[in-house]
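Shown next, in structure tokens, is the structure this report addresses.
In what follows, every chain begins at residue 1, and chains take the letters A, B, ... in the order their sequences are listed.
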Amino acid sequence: MKATEQQSPEKYDLPKGYEFAEVEQRWYTHWLEEKTFSARMIEGKPSFSIVIPPPNVTGVLHIGHALNNTLQDLLVRYHRMKGENTLWVPGTDHAGIATQNVVERQLATENLTRHDLGREKFIERVWAWREEKGGTIINQLKRMGASCDWDRERFTMDEGLSKAVREVFVRLYKEGLIYKGDYIVNWCPRCHTALADDEVEHDPTDGKLYHIRYPYADGSGYVVVATTRPETMLGDTAVAVHPDDERYQHLKTIGISLPLTGRTIPVVFDHHVQREFGTGALKVTPAHDRDDYEIGLRHDLPRLKVMDDKGVMNAEAGKYAGLDRFACRKQIVSDLQEQGFLDKIEDYQHAVGKCYRCATVVEPTTSKQWFVSVRPLADKAVAAVQDGRINLYPATWQRTFYAWMENIRDWCISRQIWWGHRIPAWTCAACGEVIVEVTDPDVCPACGSANLHQETDVLDTWFSSALWPFSTLGWPEKTRELDFFYPTSVLITSFDILFFWVARMMMMGLHIMDEIPFHDVYLHALVRDKHGKKMSKSTGNVIDPLVMIGQYGTDAFRFTLTAFAAQGREIRLDEERIDGYRRFINKLWNAARFAQMHLKEADPAITAMTANPKILALAHRWILSRVNGAVKDVRAALDGYNFNEVASASYQFVWHEFCDWYLEWIKADLFSDDAVARDQAKAVLLSVLEQVLKLMHPITPFVTEEIWSQLPGERSSIMVEPFPEANAAWEDAEAESVMNLLMGVISGLRTIRTEAEVHPSAKIEAILICPDAAKRQILADYAPGVQAMVRAGSFSIVASATVPDDAGHALVQDVELVVPLKGLIDVAGELEKLARDQGKLEKELERIVGKLSNEKFMTNAPEAVVAKEREKEAEIRARLAKTLESTERMRKLS
RNA sequence: GGGCGAAUAGCUCAGCUGGGAGAGCAUCGGCCUUACAAGCCGAGGGUCACAGGUUCGAGCCCUGUUUCGCCCACCA
């Protein structure tokens, strides 16, 4: 065997680098086996609950899911550690059209359509697909470390939820809040279904704008209207003009004779019409245009449907009946031309709505659909936000929310597809009675006929997801889960479904449960690429969470998402940052490895030492005070949903205080012969490391659990450890202030050393000139520590001294640092730097003096601010004086 | 057209109730110093988009402008 370089001596138990893949797999399996994610319902404890925004069962984990679920897991783990009854309900959404599409595509490979199978067999096929493939995204969530209560996983089509859907539908129907009526919908003539607005894609398309002459009914002239869809003129039932448009006032009584058909139609006056567009006259086709439909309602116009559901002209189209809509368009144009009605044709680019699944041009058309009257429900939701029962984070969404709720239209809940909750309504073939019931009726309650036909439409997928917060907890049964966990604590989701989903959950929760569905809503940003572009497969800028996890580890990836999750801002994810946080995880790993090397033989009894920090040496008191500050910061950030601060507070503390200063400082103690010094160091090291692991566990569950399990003593999972609490006994302002001085001195001496290019291993001689006797005492007390950190040889602390000319020089507070460096000074460089310093100081001084001599400032500014300015003035004057002295000395050398 | 948001170091971003401009990465210099070279020590770098205003004091508040992004309605 080839002798490879053995970098990792046997004395460490942990590998040199953190090997995340193995650790993640091992711990997740362990957590599942131990059921540590299971919700407990213990009386007397506060509850914390989250329902997952159910991903589509067809979904694969994308970056948005990754962010969304990381933030949820962060909160869930935090609250679980706080000892609360904590539940995170997972599940998936049956995603009507999307899922039906997937299965239809599968069928297509077998040269089959759903119609070949028939409704029942097709639905069986979909269930079979779900059994086989529906778990993909759930397994991916597990790789993210999500601590969902998997035993409670739900599906919007499962038995319980289907029951909830029926209950709600029947109740709303009986309350008169669900009705069936005509409405204009986006109709796909190929798929034969209504499409929701978000299922229609608007493509800018090159088309024509046809200007058509509509003669006055009395033959006295004509008005030109413009349209991109001339075939719809067959369904025109009015011409509309603006009420204040003086050009057309005389038409009020005349009317229009519709070309080609000769029908007489009225002129209506409506504010919707833009006077500036074209001639300011608009043809109105209420049955085939959304806006026209609204105009038609306002003016009580008939709706004349001229096409069937395949996009073919019907009998109402007269001689054009039987023509496809586009063939009809050609024919109409040519007829208009022939008969002299065509004014002109212009090239025109406009947005054409297309079916998102088959790209067929969508035909707005009227059809019988089921609706929810949302006005009364919406009012309840608005009230809940207004009076603060529901809080939106960030609060800026409130305005948008209100605006949307004010303009809300009735919700079309029927879809002409097969996969979904079939509408529980039956029509009696004998007497026409409509029966809406929870249980399937056998006979008509009106006439006794058994000839009943169930509605073929299914419900909009959002209908079932609107019930998600209570249906997943067992409603309509009265369950303990509902008692403990409803209303849920917080909903975390992306803002793009605020209206589709969040608002509807509010409406349903408030109406059906008579209670809000959640207290808080945290709306996170969309994740974009580092340049702010939307991620899309065609742009090729997609960051795949699973690839990131494989490359950098789940913890690093989660930490990155958390660090980016600042409120109210889009997230531009930069892959380099993930690598940066991977290094941070590795840093933590190595700090633990270092600790482990000393703690292996640690006596658990010594850990009690941290209970009384006053007896401890300075560095220990300092780090305990600092970790206490970090605990406070992290808790406050978590409680306020300031996720990026959770990350930065942890990062800053662990790397730059715990590792950079504390671990370096206590090395001397850990290797010391002094047993007391050693024990203190071990005790505090262990204690602080434990705090750090617990503090970071919610963000980085795997590495913290792995390290935790390796620490001395019998340990159960870190997941069930109490989350750190602020400990007043650890607060020590004095230790922090002294350490600040010492760290300043150390940094100052290091700078002098580096600038003079003294080799790091060479000892330097340092003179600390300090007029303050108390400070001199402090410096003397901690001189060995400081010396060790800067590798100083001799080290003298004096009240005053003559500074040699060729010496490095710095000022920290009122301590002057002097390092004699015969012949090592870069005089020119020093002079340059001193001049720069001098400039800055003078400018700053000028500003402060200006302030302090400003009468208004002195009378208006608070006491504390003035005092601070005075202090600053004194400090800057002192530094300026020293700078001038140094300049003087440098000049002598040059 | 309506609404919302953003503009801070080369890049990606923090900056909370107005009170001395910060981080990470990148750059430059030095270091294998007994956890970590995936590391350590140090340095440089900003007219806080622009123009006004309020204030003793503005990155932060107000008005306007420019640029960018998003949402809604999309004009027949």
Side-chain angles (χ1 to χ4, degrees), chain A residues 9 12 14 16-18 197 202 209 225-229 232 240 272-274 276-278 281-285 289-292 348 350-351 353 394 396-397 399-400 403-404 407 495-496 498-499 525-526 528 530-534 563-564 566-574 576-577 579-598 636 640 642 644-645 648 651-652 656 659-660 663-664 667 670-671 747 750-755 757-761 790-791 833 844 847-848 850-851 854-862 864-866 868-869 872 876:
Chain A
Y12 309 121
L14 301 175
K16 191 170 179 181
Y18 171 54
D197 291 345
H202 293 274
L209 188 60
V225 299
T227 180
T228 53
R229 297 184 300 151
T232 62
H272 170 80
V273 180
Q274 310 284 312
E276 308 74 33
F277 190 91
L282 167 71
K283 65 189 272 305
V284 183
T285 324
D289 184 277
R290 232 190 154 101
D291 291 328
D292 293 4
Y348 192 66
H350 61 136
T396 46
W397 283 104
R399 280 181 63 150
T400 317
W404 191 81
N407 300 321
F495 65 78
D496 54 344
L498 175 59
F499 307 125
L526 291 174
R528 300 167 179 285
K530 66 186 279 192
H531 305 296
K533 290 230 169 64
K534 228 172 186 164
F564 268 110
Q567 284 188 17
R569 202 181 169 117
E570 66 181 26
I571 295 175
R572 298 189 187 193
L573 190 59
D574 182 354
E576 279 183 33
R577 284 280 289 267
D579 190 51
Y581 290 121
R582 193 207 83 232
R583 294 210 298 271
F584 173 58
I585 303 295
N586 198 57
K587 183 78 179 173
L588 174 67
W589 178 259
N590 275 292
R593 197 162 148 263
F594 172 75
Q596 184 68 355
M597 152 188 162
H598 296 281
N642 293 310
N644 59 316
E645 291 179 17
S648 62
Y651 187 97
Q652 180 62 29
H656 298 306
C659 291
D660 286 353
L663 292 185
E664 293 304 325
K667 273 178 182 170
L670 288 170
F671 289 102
S747 293
R750 281 171 175 170
T751 304
I752 294 170
R753 168 201 283 285
T754 303
E755 282 181 352
E757 294 182 5
V758 175
H759 193 274
S761 60
V790 293
R791 292 159 173 253
K833 196 181 162 224
E844 181 71 4
R847 202 180 61 81
I848 293 170
K851 254 188 177 180
N854 182 335
E855 210 173 296
K856 284 182 175 169
F857 172 76
M858 298 303 282
T859 51
N860 289 324
V865 174
V866 176
K868 220 171 153 189
E869 291 296 322
K872 264 191 271 176
I876 285 170

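When heavy atoms are screened at a 4.0 angstrom cut-off, A/Ile848 is found touching no nucleic acid atom at all. Within 4.0 Å (heavy atoms only), A/Asn642 reaches no atom of the nucleic acid at all. No contact: A/Thr859 has no heavy atom under 4.0 Å from any strand.
To the nearest whole angstrom, the two C1' atoms, one in B/A51 and one in B/G42, are 41 Å apart. Spacing of C1' atoms, B/C4 relative to B/G39, comes out at 45 Å, to the nearest Å. Using C1' as the reference atom, B/U47 and B/A43 are 23 Å apart when rounded to the nearest Å. B/U27 and B/G64 have their P atoms separated by 44 Å, given to the nearest Å. Atom name P, nucleotides B/A38 and B/C32: the rounded distance is 15 Å, in whole Å. Between B/A58 and B/G15, the two C1' atoms lie 14 Å apart (nearest whole Å).
Picking from B/G42, B/G20, B/C56 the nucleotide with the shortest atom distance to the side chain of A/Lys856 gives B/C56. Between B/A14, B/C4, B/A38, one nucleotide has an atom nearer to the side chain of A/Arg399 than all others, and that is B/C4. Closest to the A/Pro760 side chain, of the nucleotides B/C41, B/C31, B/A43, is B/C31. You'll find that the side chain of A/Lys667 is closest to B/A35, out of B/A35, B/C56, B/C32. Taking every side-chain heavy atom of A/Phe671 into account, B/U34 is the closest of B/U34, B/C32, B/C56. Of the candidates B/C36, B/G5, B/G19, B/G19 carries the atom nearest the A/Pro862 side chain, counting heavy atoms from C-beta on. For A/Lys587, whose side chain is taken as the heavy atoms from C-beta onward, the closest listed nucleotide among B/U34, B/C75, B/C40 is B/C40. For A/Arg847, whose side chain is taken as the heavy atoms from C-beta onward, the closest listed nucleotide among B/G5, B/A38, B/G20 is B/G20. Looking at the side chain of A/Asn644, the nearest of the listed nucleotides B/C75, B/A14, B/C36 is B/A14. Nearest to the side-chain atoms of A/Arg593 among the listed nucleotides B/C4, B/C36, B/C41 stands B/C36.
B/G69 is paired with B/C4 under the Watson-Crick or G-U wobble criterion, all donor-acceptor distances under 3.5 Å. Pair assignment for B/G39: B/C31, on the basis of Watson-Crick or G-U wobble contacts that are both within less than 3.5 Å. In this structure, B/U17 forms no base pair with any nucleotide, since neither Watson-Crick nor G-U wobble geometry is met with both distances under 3.5 Å. Across every strand in view, B/C50 sits in a pair with B/G64 that passes the Watson-Crick or G-U test at under 3.5 angstrom.
Residue-to-nucleotide contacts include no donor-acceptor pair under 3.5 Å from the side chain of A/Lys851 to the base of B/C56. Judged by distance alone with a 3.5 Å cut-off, no donor-acceptor contact links the side chain of A/Asn590 to the base of B/A35. Side-chain atoms of A/Glu664 and base atoms of B/A35 include a donor and an acceptor less than 3.5 Å apart.
More than 12 heavy-atom neighbours from other residues, nucleotides or ligands sit within 6.0 angstrom of NZ on A/Lys872. Annotation for A/Arg399: atom CZ does not count as buried by contact number, only 12 or fewer foreign heavy atoms lying within 6.0 Å.
Side chains of A/Thr285 and A/Arg229 form no contact here, defined as non-hydrogen atoms less than 4.5 Å apart. Side-chain contact check for A/Asn590 versus A/Arg593: some heavy-atom pair is nearer than 4.5 Å. For the pair A/Arg582 and A/Tyr18, the minimum side-chain heavy-atom distance is 4.5 Å or more.
For the OP1/OP2 pair of B/C56 and a distance below 4.0 Å, the side-chain nitrogens and oxygens of A/Asn860 include at least one atom meeting the criterion. Contact check, A/His656 against B/G24: a side-chain N or O comes under 4.0 Å of OP1 or OP2. The side chain of A/Ser648 places no N or O atom within less than 4.0 Å of a non-bridging phosphate oxygen (OP1 or OP2) of B/G24.
Mapping A/Asn854 and A/Arg750 onto RNA chain B by nearest heavy atom places A/Arg750 closer to the 5' end of the strand. The nearest heavy atom of RNA chain B to A/Tyr18 and to A/Tyr581 marks one nucleotide each, and the one closer to the 5' end goes with A/Tyr581.
Under a 3.5 Å cut-off, the side chain of A/Arg577 and the backbone N or O of A/Ala563 do not form any donor-acceptor pair. Checking side-chain atoms of A/Asn642 against main-chain N and O of A/Glu645 turns up no donor-acceptor pair under 3.5 Å.
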